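This report refers to the structure that appears directly beneath it.
Nothing here was measured: the structure is a model prediction, and the numbers come from that model. Lettering follows sequence order; numbering is per chain, from 1.
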Amino acid sequence: MQLYPLRLVTIVGESVIMDDIAEKGLELGATGYTLSEVVGEGARSARNVAIASGDKTMKLEFVVPSEVAVDILTHVSHEYFEHYAVIAWLSDVQVVRGQQYVK
Amino acid sequence: MQLYPLRLVTIVGESVIMDDIAEKGLELGATGYTLSEVVGEGARSARNVAIASGDKTMKLEFVVPSEVAVDILTHVSHEYFEHYAVIAWLSDVQVVRGQQYVK
Amino acid sequence: MQLYPLRLVTIVGESVIMDDIAEKGLELGATGYTLSEVVGEGARSARNVAIASGDKTMKLEFVVPSEVAVDILTHVSHEYFEHYAVIAWLSDVQVVRGQQYVK
Amino acid sequence: MTPLACSAVPALLAFFNAEQLARIVDSLERNLLTPIPLCFLLGMICTRIHGGIKIPKELYYSIAIFLLMSIGFIGGHELAHEYQEHGVATIWKPALATLFLGCLTPITSYLVLRYVGRMSIADAAGIAAHYGSTSAVTYAVANSFVEQTQHPANSFLPTLVTILECPGIAIALVIGAALSAKERARKSAATGRPSKESRLGEALYEVMTGQSIMLMAGLLVIGFISTLFMDPKGFQPFYDFFQSKGMLFRGALCIFLLEMGLVAGEKLGDLVKVGPFLVAFGILMPLVHGFLGVYFGHLAGLNLGGCTVLGAIVASASYIAAPPAVRLTLPEANPTYSITAALAITFPFNIAIGIPIYFEMAKWVGAQ
Amino acid sequence: MTPLACSAVPALLAFFNAEQLARIVDSLERNLLTPIPLCFLLGMICTRIHGGIKIPKELYYSIAIFLLMSIGFIGGHELAHEYQEHGVATIWKPALATLFLGCLTPITSYLVLRYVGRMSIADAAGIAAHYGSTSAVTYAVANSFVEQTQHPANSFLPTLVTILECPGIAIALVIGAALSAKERARKSAATGRPSKESRLGEALYEVMTGQSIMLMAGLLVIGFISTLFMDPKGFQPFYDFFQSKGMLFRGALCIFLLEMGLVAGEKLGDLVKVGPFLVAFGILMPLVHGFLGVYFGHLAGLNLGGCTVLGAIVASASYIAAPPAVRLTLPEANPTYSITAALAITFPFNIAIGIPIYFEMAKWVGAQ
Amino acid sequence: MTPLACSAVPALLAFFNAEQLARIVDSLERNLLTPIPLCFLLGMICTRIHGGIKIPKELYYSIAIFLLMSIGFIGGHELAHEYQEHGVATIWKPALATLFLGCLTPITSYLVLRYVGRMSIADAAGIAAHYGSTSAVTYAVANSFVEQTQHPANSFLPTLVTILECPGIAIALVIGAALSAKERARKSAATGRPSKESRLGEALYEVMTGQSIMLMAGLLVIGFISTLFMDPKGFQPFYDFFQSKGMLFRGALCIFLLEMGLVAGEKLGDLVKVGPFLVAFGILMPLVHGFLGVYFGHLAGLNLGGCTVLGAIVASASYIAAPPAVRLTLPEANPTYSITAALAITFPFNIAIGIPIYFEMAKWVGAQ
Ligand SMILES: Nc1ncnc2c1ncn2[C@@H]1O[C@H](COP(=O)(O)O)[C@@H](O)[C@H]1O
Ligand SMILES: Nc1ncnc2c1ncn2[C@@H]1O[C@H](COP(=O)(O)O)[C@@H](O)[C@H]1O
Ligand SMILES: Nc1ncnc2c1ncn2[C@@H]1O[C@H](COP(=O)(O)O)[C@@H](O)[C@H]1O
Ligand code: NA
Ligand code: NA
Ligand code: NA
């Protein structure tokens with residue numbers, strides 16, 4: 001069974017910005033994303049506000065090639081790190097039939 | 001404190017198939033699993049349907065030895081990749097008292 | 001864009017102990033944590049009990065430096081592994097502006 | 001194919017004379033300008049303009065549970081009265097007729113989809129499973145319609161809803177699974193996994209013990225028993241809680257249809273994808289099935305309200321029980337087709353236009 | 001141990017003469033064939049046949065919140081009337097009796113479990129914590145039972161439920177923590193972590209400020225105050241919303257017991273694990289505690305309904321407040337034992353058979 | 001700054017003579033000792049003592065949806081009657097007055113915050129957005145207050161709530177975005193991302209099509225239409241479900257305020273962070289805006305109850321629609337300030353003390 005090396009980008013932060021980031025991720029080359037509600041505490045998370053029928057904090061994941069991963073993290077870092085409660089990290093994963101997640 | 005190297009298998013896909021995969025995982029040698037509800041978008045996720053009082057998409061995780069990991073991924077790949085919305089990947093983890101998760 | 005290597009500590013276990021572990025994690029040097037509700041099955045998870053308006057099982061994540069990671073895992077291992085349903089593992093992550101998560 | 005649709009509708013309306021059409025339009029207005037369809041409309045509009053209404057799915061599921069329990073409980077209550085008065089004399093014929101329709105409609109649907117629509121086996125069977133079953137909410141709306149026209153349906157209609165739930169799905173899945181056996185056999189050979197049958201059996205069992213059936217049938221029995229054994233005073237609060245004329249049922253229905261409108265609004269975008277044939281199918285098939293329901297209901301001795309409601313539930317398509325079962329059994333089938341047809345075409349058509357038409361059909365066949 | 005059980009039940013029933021037994025059987029029927037126990041039964045059946053009913057946990061928790069608020073609010077309302085008429089004259093005795101029973105039952109439970117059942121300190125104390133406390137839902141069911149038998153309980157029973165909630169858990173936890181001190185001391189030495197006391201204190205505090213207490217006691221005060229200060233017309237809608245005879249309370253109870261049946265159904269499988277002794281304990285201990293409740297209630301001057309309800313709540317076991325507290329304080333205790341006994345044995349026994357028996361006991365001790 | 005507050009309150013109360021003060025105190029008591037404010041208090045206490053009450057957020061959101069739908073539906077129903085009797089004659093003036101106040105209050109708030117409070121542009125604009133909009137729950141509480149004092153408000157007040165929802169947020173956001181343009185321009189140059197305008201536009205659209213507006217305005221239309229076209233008998237169950245005097249609305253309000261109390265309790269800790277100026281602002285600004293509401297309401301011909309309610313909603317601050325919009329548009333603004341002021345200061349002040357004061361103001365300006 002073929003495994004293909006890709007990057008897992010994980011972004012945890014305020015719900016208000018997560019939809020925008022997910023969309024941007026698709027623009028930047030991700031073939032999809034996975035979003036889930038979490039509860040979190042951090043340096044600035046006190047600033048989080050609830051959105052209509054939603055939680056204050058969400059976790060967003062992208063399985064993408066390195067370049068796309070870097071683009072997404074750069075975007076998040078420039079756009080949101082200054083004023084929003086958000087953390088983002090990268091890890092290595094082996095993906096089943098991974099080519100299909102490379103545009 | 002002893003850490004033991006194992007594999008983390010992550011499967012994200014349609015809720016309808018997740019229970020079956022979880023069971024199959026235990027059959028194939030996993031000592032347990034962790035399941036959570038997510039919201040996702042992907043190439044085929046438009047096909048997802050909601051199940052009784054549940055979400056359309058779920059994330060399933062197994063902490064297992066390599067062989068078991070491969071067996072699980074092979075099963076998922078053969079059984080579900082063709083017709084179902086599902087993504088699956090593998091990563092390396094260091095598990096506390098990890099031996100107990102090896103059958 | 002600067003990435004900083006840190007450890008991701010993931011703890012999945014009974015809801016009753018998760019708040020205590022999260023607090024302890026902050027004491028031990030984590031700058032924050034991320035908590036989410038999951039459904040799980042494992043060797044001892046039958047023992048899990050529901051807490052007021054909550055699930056039986058939760059997943060707790062810390063992004064921390066190695067030393068802190070080890071401290072947290074040691075604490076969890078000593079305090080909870082004997083009597084509680086809990087699993088804990090470690091993985092390597094590259095964190096955006098990671099320095100700020102090192103106290 | 002749209003010409004077909006465009007020509008078929010007038011063709012079908014030609015059945016009615018001017019005066020009947022006038023009545024239809026009039027009851028259309030009376031039916032449309034009520035909170036329940038208007039909430040559905042609001043939901044659709046909200047989705048189209050990307051409005052911010054978000055109904056927590058737990059609220060949606062809670063209301064679904066309440067509605068199913070209500071239908072069952074009140075059904076059992078009235079069944080008990082009917083039974084005390086007439087035994088099974090009045091019930092067995094309608095029950096048989098419903099069972100027959102439950103077995104007929106998936107087949108008619110399949111044939112039309114496969115040979116007129118030229119759809120794949122899996123897709124045809126998948127959609128047929130939806131149209132062979134029924135929609136409890138359509139029942140609820142039809143029931144309040146006839147109540148408002150002062151022609152309440154026979155007391156045992158909820159029993160018929162329960163009967164209609166399963167057979168259609170089961171038959172369509174069996175057809176689909178059997179006919180697509182060869183591919184699946186090949187596949188299972190390749191992967192060496194247990195042949196589909198297991199899957200099918202499992203799916204059928206899940207349909208038959210699914211939430212809708214368990215709640216409707218279970219509460220039907222509970223309503224029946226407690227009506228027989230409880231003193232009315234003690235029974236009253238339960239009756240008030242569940243009764244379909246009551247504020248809870250009607251109010252819950254408003255919120256439920258708001259959410260259905262929100263979802264249907266999203267599916268509207270898929271209408272293009274599903275193509276003109278399926279749009280026509282989603283309107284004409286219900287009219288045919290509705291007429292069959294009305295007609296056989298009349299033969300079985302239902303009253304005017306009863307024929308109308310039976311027509312509506314036979315015409316309706318399932319969008320709760322059917323989808324997961326089809327997804328499991330016929331994975332090749334594209335859910336976008338079935339769900340869009342059931343939820344974005346047939347359901348709105350029925351609650352807006354269909355029900356008053358079935359009402360006229362019922363008068364036309366002579367029910368009173 | 002089953003022989004014990006088998007012999008004990010008739011032994012105990014021997015207390016009753018033929019005519020009483022007849023009445024029990026009769027009221028059993030009147031009690032069992034009502035929606036509330038039947039919904040519990042439906043839930044159990046559904047789980048056993050792997051049916052598809054799924055109650056969102058948010059709905060379950062929402063109903064629990066509503067029930068606790070109702071019990072408190074209506075309790076406060078009726079307490080206010082009682083108070084305006086008699087001051088504390090009628091209340092202090094029953095309150096003391098309840099407090100006494102709240103301290104007695106955990107000890108009786110512990111002794112039986114430890115020395116008859118030969119269970120470990122932790123398990124015995126853990127289960128004792130459940131049986132020392134009470135179940136608000138059992139109160140609600142017992143209360144509707146006596147209301148239906150036209151013997152409504154004294155107005156201040158909800159106050160007694162609130163009093164009964166905590167002491168039992170607290171005492172059992174202290175016993176367990178103290179007696180298992182040695183092991184835990186050793187352990188804490190090994191790990192060098194703060195000694196258990198901290199944990200215990202924390203757990204006790206969490207019990208005393210837990211959801212059940214806060215909502216019942218809080219709404220009790222609110223109901224009391226607003227009854228004194230609001231004009232009845234303004235008070236009415238709140239009364240209608242919360243009142244225990246009302247459709248909302250009864251209907252919510254149905255859905256709640258459906259879910260409890262679903263959970264209890266799963267636990268049924270564990271009956272084998274827990275063994276015959278615990279099964280016997282789950283039936284006989286409530287009968288003993290129930291009798292104590294009835295007897296002391298009578299001494300304290302409660303009426304027939306009041307004695308019955310007090311018997312039921314003393315006999316009942318907590319399955320919401322106790323489990324997490326025990327889990328935190330006595331981690332060695334196996335929750336499967338306590339939860340299975342409380343939820344799958346004692347709770348169904350009480351709502352199905354126990355309550356009518358306590359009713360007869362109450363007559364037998366001469367309450368009216 | 002506290003001296004300012006301390007001196008201002010008496011200064012303002014000096015407007016009233018002894019007898020009026022007596023009446024205020026009296027109606028304060030009548031207002032405070034009712035379930036709705038008491039539930040809020042219970043929630044606050046529970047949080048402060050780390051009690052265990054947890055309201056599932058899905059329940060909280062479900063109740064919010066129900067309340068908004070109720071306000072809209074009943075509003076539309078009564079608007080229909082008003083319209084049938086007087087056409088738009090009685091409505092257009094109050095509507096204009098409300099629109100004017102919706103544009104005025106964000107500006108007054110901004111000026112005070114920026115130049116008296118010396119807050120940053122973003123923080124001043126962010127808080128102004130909250131105080132420029134309104135709180136539907138404050139409306140509900142004010143409405144039940146005037147109903148209980150037998151001075152029901154004009155039938156079209158819910159329409160005014162809907163009018164008041166948006167403009168304030170929009171204007172404040174535009175001010176904030178425009179004035180902080182320079183920084184943001186620099187920033188966007190650095191990151192080369194689309195300039196803020198896009199964001200602002202998007203946020204404004206989200207406000208105008210947000211849940212509150214869509215549900216209130218949508219159900220207002222639905223209530224209006226169905227009142228005109230449905231026969232009253234068919235309309236009744238919907239009316240019973242939604243009516244604000246009914247048990248569902250009042251009961252739901254209790255649970256909702258319990259949760260708000262739980263949240264406000266947490267924010268209490270932040271009072272120190274936000275400082276004395278904001279505390280004073282959260283009390284004095286509502287008194288000023290409340291008076292403006294009462295005064296212009298009187299000029300526009302509202303009755304005593306109407307002026308009181310208009311005063312209350314103008315004085316109230318939004319804590320549902322405003323926060324996310326501000327967070328998106330003015331990220332530099334610290335939400336702790338705005339949310340603490342709106343939820344932990346102004347909201348409790350209004351429901352506890354403000355409403356009775358606006359009621360006296362309304363009498364004082366001569367409304368009846
Ligand atoms: N060290 C950490 N480990 C895990 N999650 C974190 C950590 N720091 C922050 N988070 C998550 O990221 C969100 C925003 O973090 P912050 O920007 O630090 O407020 C928080 O709500 C947490 O869910
Ligand atoms: N590139 C991706 N990154 C993260 N999650 C993904 C990605 N692609 C798909 N998913 C998840 O996997 C599910 C099924 O994906 P698909 O089979 O592509 O429709 C989606 O609902 C997403 O939750
Ligand atoms: N092998 C595993 N893979 C993934 N999650 C596991 C595994 N074993 C246990 N878990 C999770 O850890 C929790 C406690 O595990 P246990 O202590 O084995 O009962 C379970 O509820 C699961 O959610
Ligand atoms: Na059908
Ligand atoms: Na007890
Ligand atoms: Na305002």
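Residue Met69(F) touches chain D through its side chain alone, counting heavy-atom pairs closer than 4.5 Å. Contacts between Glu58(F) and chain D at a heavy-atom distance below 4.5 Å involve backbone atoms as well as side-chain atoms. Neither the backbone nor the side chain of Glu147(D) comes within contact range of chain F, judged by heavy atoms closer than 4.5 Å. Proximity to chain F (any heavy atom under 4.5 Å) is shown, for Leu41(D), by neither the backbone nor the side chain. Looking at Leu59(F), there are no atoms closer than 4.5 Å to chain D (heavy atoms on both sides), in backbone or side chain.
Chain D forms more heavy-atom pairs under 4.5 Å with one residue of Lys233(F), Gln236(F), Met208(F), Met214(F) than with any other, namely Met214(F). Among the candidates Val221(F), Ile222(F), Asp240(F), Ile225(F), the residue making the largest number of heavy-atom pairs closer than 4.5 Å to chain D is Ile222(F). Annotation: maximal heavy-atom pairing with chain D below 4.5 Å, among Phe242(F), Tyr205(F), Tyr239(F), occurs at Tyr205(F).
Residues Phe40(D) and Leu258(D) fail the side-chain proximity criterion, which asks for heavy atoms closer than 4.5 Å. Side-chain contact between Leu220(F) and Phe73(F) is absent, with no heavy atoms from C-beta onward closer than 4.5 Å.
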Listing, residues 152-169 of chain F side-chain donor-acceptor contacts under 3.5 Å, not counting sequence neighbours, or none:
| unit_1 | atom_1 | unit_2 | atom_2 | d |
| --- | --- | --- | --- | --- |
| Asn154(F) | OD1 | Asn303(F) | N | 3.1 |
| Asn154(F) | OD1 | Asn303(F) | ND2 | 3.4 |
| Ser155(F) | OG | Glu82(F) | OE1 | 2.7 |
| Thr159(F) | OG1 | Phe156(F) | O | 3.1 |
| Thr162(F) | OG1 | Pro158(F) | O | 2.9 |

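Among Phe359(D), Tyr139(D), Tyr358(D), the one residue that satisfies the ring pair (Phe, Tyr, Trp, His ring centres under 6.0 Å) test with Phe145(D) is Phe359(D).
In summary, the aromatic rings of Phe235(D) and His77(D) are positioned with their centroids under 6.0 Å apart.
Residues Ser244(D) and Arg250(D) approach most closely at O-NE, 3.2 Å, considering heavy atoms.
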